[in-house]
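Supplied in structure tokens, the structure appears directly below.
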2 protein chains.
Amino acid sequence: MATGRTHRPATRSRGIPEATVARLPLYLRALTALSERSVPTVSSEELATAAGVNSAKLRKDFSYLGSYGTRGVGYDVEYLVYQISRELGLTQDWPVVIVGIGNLGAALANYGGFASRGFRVAALIDADPAMAGKPVAGLPVRHTDELESIITDNGVSIGVIATPAGAAQQVCDRLVAAGVTSILNFAPTVLSVPEGVDVRKVDLSIELQILAFHEQRKAGEETTSAQEPAAAVQPRSSAAARTPAAGRAAGKGPDGDVPAVMPA
Amino acid sequence: MATGRTHRPATRSRGIPEATVARLPLYLRALTALSERSVPTVSSEELATAAGVNSAKLRKDFSYLGSYGTRGVGYDVEYLVYQISRELGLTQDWPVVIVGIGNLGAALANYGGFASRGFRVAALIDADPAMAGKPVAGLPVRHTDELESIITDNGVSIGVIATPAGAAQQVCDRLVAAGVTSILNFAPTVLSVPEGVDVRKVDLSIELQILAFHEQRKAGEETTSAQEPAAAVQPRSSAAARTPAAGRAAGKGPDGDVPAVMPA
DNA sequence: CCATCTTTGTGCACGCGTTCACAAAGGCAT
DNA sequence: ATGCCTTTGTGAACGCGTGCACAAAGATGG
């Protein structure tokens, strides 16, 4: 799960709650699998299990789309696939640009399933002149200079940022200025964008840190709070002179620079 | 942002809300940046802006950790870095294994910042015998047969799955059986795990689909519902005979197989 | 045509998360 | 010392999301 988002606080988009929208792709995936196995109908219970959610939640989610089920029977798989696809805007083609063709950018570009769901990689863009023209995943890498024209010419409205953190905001600004209104950010930075532009963030580092938190908690429970040896939540008198000789964490550390996925 | 999660519904972990835990890494990153610039203190307002959140939210988040601020002044950067690092369990080392060294797995392995935050890649594992021994990011790829022994010998409790969807559940089961209790899943599948195991999902495809939804909505607003030409929400009489000749979406499509990141 | 059985769709209540707004706390100048 | 100014920490209200539980709907069999 990509984590942070930068969405309008809770502006229900046409009656469909944001939480529901986030689950629609999950349902769609499960339904597509059923469709491939030629299963004609599915109950909310079965589908919910396949999608890893509660059946009541699923039914409520679908109720926002309309009454597409048949009581006593369930949902028509093909029909539901179509409805959800349409609702998500997957019945049309979305040209996408990937900026920053490092390890991650290349991995994303090579992802074969990209085209299978309405998304098409219109161009790969990198700032390194040495990369220009070099084919990655069958597409020639274009130089950053061409960014604006590529966006305009292809009518790109979705951009993927896989650059180092330092370049992300600048790239973002150029993408937005050129007309992009949705951004998927893999760089470890908080992007600031004007009103009306959606940003979603994917951050491996954050995910790992959250896992570490829970992992530590599990380990701590075993020995029933055996951690935090002595000076646990020390009263901390003077405001200065603290800094408990922090282990790592403090130093400069190679961060905010590395290619993409997993920053801190 | 990685999206789906599979967390205990809302079991507040030792008083710290899940939503707060998810933001701590964000604060930590902003604080680390300040620390590198030798900024001694920071106000909730400044830090909140840097982290892209509301200042009241940030203060409330910090209040769960304790009273680490000084009224009229702000927070001591170094001290806060240490406290958050400790809270997240980043003061200890977490050995991690990456399973599935395809495009994405390799990209993750090459991510330099991995070690900079308490995470250390203990091993890269792949099922392809041809990959065995081949060095990726300075580490020799190990064969899946060694999975259990690697986990045990290194005391690995966090696993990253970057395999094709078809192999994910099986790999997951083996990881869990070997002692892994936290999993970061890049494969496009819902993993089922026993109680006590945390799973977080990162899914590019889902993120893009969510963006597409909002993008479509924006486009629809311009022309004020010019979409949905005629048969919009057709009453749908007979349960059978529907399937509105769904465009893409239905066919077999290359999915549930591709390496990792972006499935559907 | 009626009874029964299955499954949807949803009203309702509860809890988490967010935000406001302000009192308390501390620094600083006079 | 005293008063002012800044900023934290939090009580309280509100809204979204979740899950229960059930009535309505429809299919199916006799």
**Prompt:** Any ion pair linking A:D203 and B:R29 (charged N to carboxylate O, less than 4.0 Å)?
**Reply:** yes
**Message:** Between A:E78 and A:S35, is there a side-chain donor-acceptor contact under 3.5 Å, judged purely by atom types and distance?
**Reply:** yes
**Message:** Taking A:I16's backbone N and O only, do any of them form a donor-acceptor pair with A:T20's side chain (distance below 3.5 Å, no angle check)?
**Reply:** no
**Asked** Using a distance-only test with no angle check, is there a side-chain donor-acceptor pair under 3.5 angstrom linking B:R59 and B:S44?
**Response** yes
**Request:** Decide whether A:S43 and A:E46 meet the rule of one side-chain donor and one side-chain acceptor closer than 3.5 Å.
**Result:** yes
**Message:** Could you tell me how far apart A:R59 (CZ) and D:dT18 (C1') are, to the nearest whole angstrom?
**Reply:** 13 Å
**Any N/O donor-acceptor pair, B:K60 side-chain to C:dT19 base, under 3.5 Å** = yes
**Fill in**
Quick note, A:R23 side chain, CB onward, closest among C:dG26, D:dG17, D:dT18 is D:dT18
**Fill in**
When the rotation axes relating C1' atoms of four end pairs to the next four are compared across the helix from C:dC1-D:dG30 to C:dT30-D:dA1, five pairs an end, they differ to 10° by 10°
**Request:** Indicate, with yes or no, if the rings of B:Y68 and B:Y75 have centres closer together than 6.0 Å.
**Result:** no
**Spacing of A:L58 atom CG relative to C:dT7 atom P, expressed in whole Å** = 14 Å
**Request:** Measure from CZ on B:F62 to C1' on D:dT10 and round the result to the nearest Å.
**Result:** 16 Å
**Request:** May I ask you to evaluate whether B:Y75 reaches the phosphate of D:dG9, defined as a side-chain N or O under 4.0 Å from OP1 or OP2?
**Result:** yes
**Request:** Measure from CG on A:L47 to P on C:dG9 and round the result to the nearest Å.
**Result:** 12 Å
**Message:** It should be established whether A:N54 places a side-chain nitrogen or oxygen under 4.0 Å from OP1 or OP2 of nucleotide D:dC20.
**Reply:** yes
**Asked** Under 3.5 Å, is there a donor-acceptor pair between the A:T41 and A:D76 side chains?
**Response** no
**Message:** Please confirm whether the shortest side-chain N or O distance from A:S44 to OP1 or OP2 of C:dT7 is below 4.0 Å.
**Reply:** no
**Request:** Mind calculating the distance between OH (A:Y64) and P (C:dG11) to the nearest angstrom?
**Result:** 10 Å
**Prompt:** Could you give the CG-to-C1' distance, from A:D76 to D:dG26, as a whole number of Å?
**Reply:** 16 Å
**Item:** Nearest-nucleotide comparison on DNA chain D, the residue closer to the 5′ end among B:S63 and A:D61
**Value:** B:S63
**Prompt:** Looking at C:dT8, does its base get a donor-acceptor pair with the side chain of A:R71 below 3.5 Å?
**Reply:** yes
**Complete:** A:E45 atom CD is separated from C:dG9 atom P, nearest whole Å, by 14 Å
**Request:** Could you work out which one of C:dG17, C:dT18, C:dG27 sits closest to the side chain of B:V73?
**Result:** C:dG27
**Request:** Could you state the atom-to-atom distance from CG of B:L65 to P of D:dG9 in whole Å?
**Result:** 10 Å
**Item:** First of A:A19 and A:A56 reached from the 5' end of DNA chain D, by closest nucleotide
**Value:** A:A19
